[in-house]
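Reading through the structure tokens given below for one structure.
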Amino acid sequence: MTNTSATKQRAVKATDSEWEIVRARAKASRMSVSAYVVQRALAPDVSDSPSRATLSARLDRIESAVLTLCEVERMRLAERGEDDGWTEALRRVALRLRTDPTRAGSDTGGTVVVGSGDGGFG
């Protein structure tokens, strides 16, 4: 695709209702209709994005790594006789999860699950 600085007027066919939607979305994006249409048309295809299965697998790996790091830290604190440090860390994480509007109870039906009763995760 050649990118030149000269732009030319083009025609687009749309129904009145379709065009109103385009105009409203352009306005909401604080763009001219022309700029909005061109930007949307040239945006990367959604099919280029990772699939939900790929994203889910990546999140599972991240979760596993985080839980492993948590367990290592719990064991480190226990070896140093600082079990209270672990309990305090869990309390702070639970508080953060309860007060974070983007996370709190999003996948636990409103219940925050931080750790099991034995001080570990699970």
Side-chain angles (χ1 to χ4, degrees):
M1 173 173 41
T2 304
N3 185 8
T4 62
S5 59
T7 60
K8 297 179 182 178
Q9 187 171 1
R10 310 290 183 196
V12 176
K13 290 184 178 184
T15 65
D16 289 341
S17 61
E18 290 169 336
W19 196 247
E20 283 306 311
I21 292 170
V22 170
R23 287 181 61 201
R25 289 182 180 176
K27 183 177 181 179
S29 298
R30 296 183 178 155
M31 300 173 75
S32 69
V33 172
S34 294
Y36 178 79
V37 169
V38 170
Q39 180 202 33
R40 293 294 297 213
L42 298 179
D45 189 3
V46 174
S47 64
D48 294 341
S49 300
S51 69
R52 284 183 184 254
T54 298
L55 292 174
S56 179
R58 288 178 185 170
L59 287 173
D60 286 346
R61 286 195 303 271
I62 291 168
E63 178 185 33
S64 179
V66 168
L67 292 174
T68 298
L69 289 172
C70 287
E71 188 59 24
V72 167
E73 181 63 7
R74 186 192 66 77
M75 290 178 354
R76 187 186 72 78
L77 288 169
E79 286 173 0
R80 293 173 52 184
E82 299 178 16
D83 292 328
D84 289 345
W86 180 250
T87 303
E88 176 61 18
L90 287 179
R91 187 194 65 73
R92 283 184 282 157
V93 168
L95 178 63
R96 185 178 306 131
L97 289 173
R98 280 195 300 271
T99 59
D100 181 356
T102 64
R103 248 321 272 152
S106 62
D107 57 355
T108 59
T111 303
V112 177
V113 178
V114 177
S116 62
D118 64 359
F121 282 84

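In this chain, residues are counted from 1 in sequence order. If you're wondering where the values come from, they're calculated on a predicted model, not measured in any experiment.
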### Task
Working to the nearest 0.5 Å, report the span between CD1 of I21 and CZ of R23.
12.5 Å

### Message
Measuring from atom OG1 of T87 to atom CZ of R74, what distance do you get when rounded to the nearest 0.5 angstrom?
### Response
10.5 Å

### Query
Would a distance-only check, ignoring hydrogens and angles, find a side-chain to backbone donor-acceptor pair under 3.5 Å from T68 to S64?
yes

### Task
Using atom types as modelled and distance alone, determine if a side-chain donor or acceptor of T54 lies under 3.5 Å from a backbone N or O of P50.
no

### Query
In terms of side-chain heavy atoms, does S34 have a donor or acceptor partner in S32 at a distance below 3.5 Å?
no

### Task
Indicate the atoms forming the closest heavy-atom contact of W86 with C70, along with that distance.
CH2-O, 3.3 Å

#### Entry: Common cluster, V33/V12, ILVMFWY with side-chain heavy-atom separation under 4.5 Å
yes

### Query
Ion pair present between E88 and R91, side-chain N to carboxylate O less than 4.0 angstrom?
yes

### Message
Main chain of D60, side chain of E63: is a donor-acceptor contact present, judged purely on distance under 3.5 Å?
### Response
no

### Spacing of R40 atom CZ and M31 atom CE [to the nearest 0.5 Å]
10.0 Å

### Query
Does the side chain of L67 come within less than 4.5 Å of E71's, by heavy atoms?
no

### Message
Once rounded to the nearest 0.5 Å, what's the spacing between atom CZ of R76 and atom CD of E82?
### Response
7.0 Å

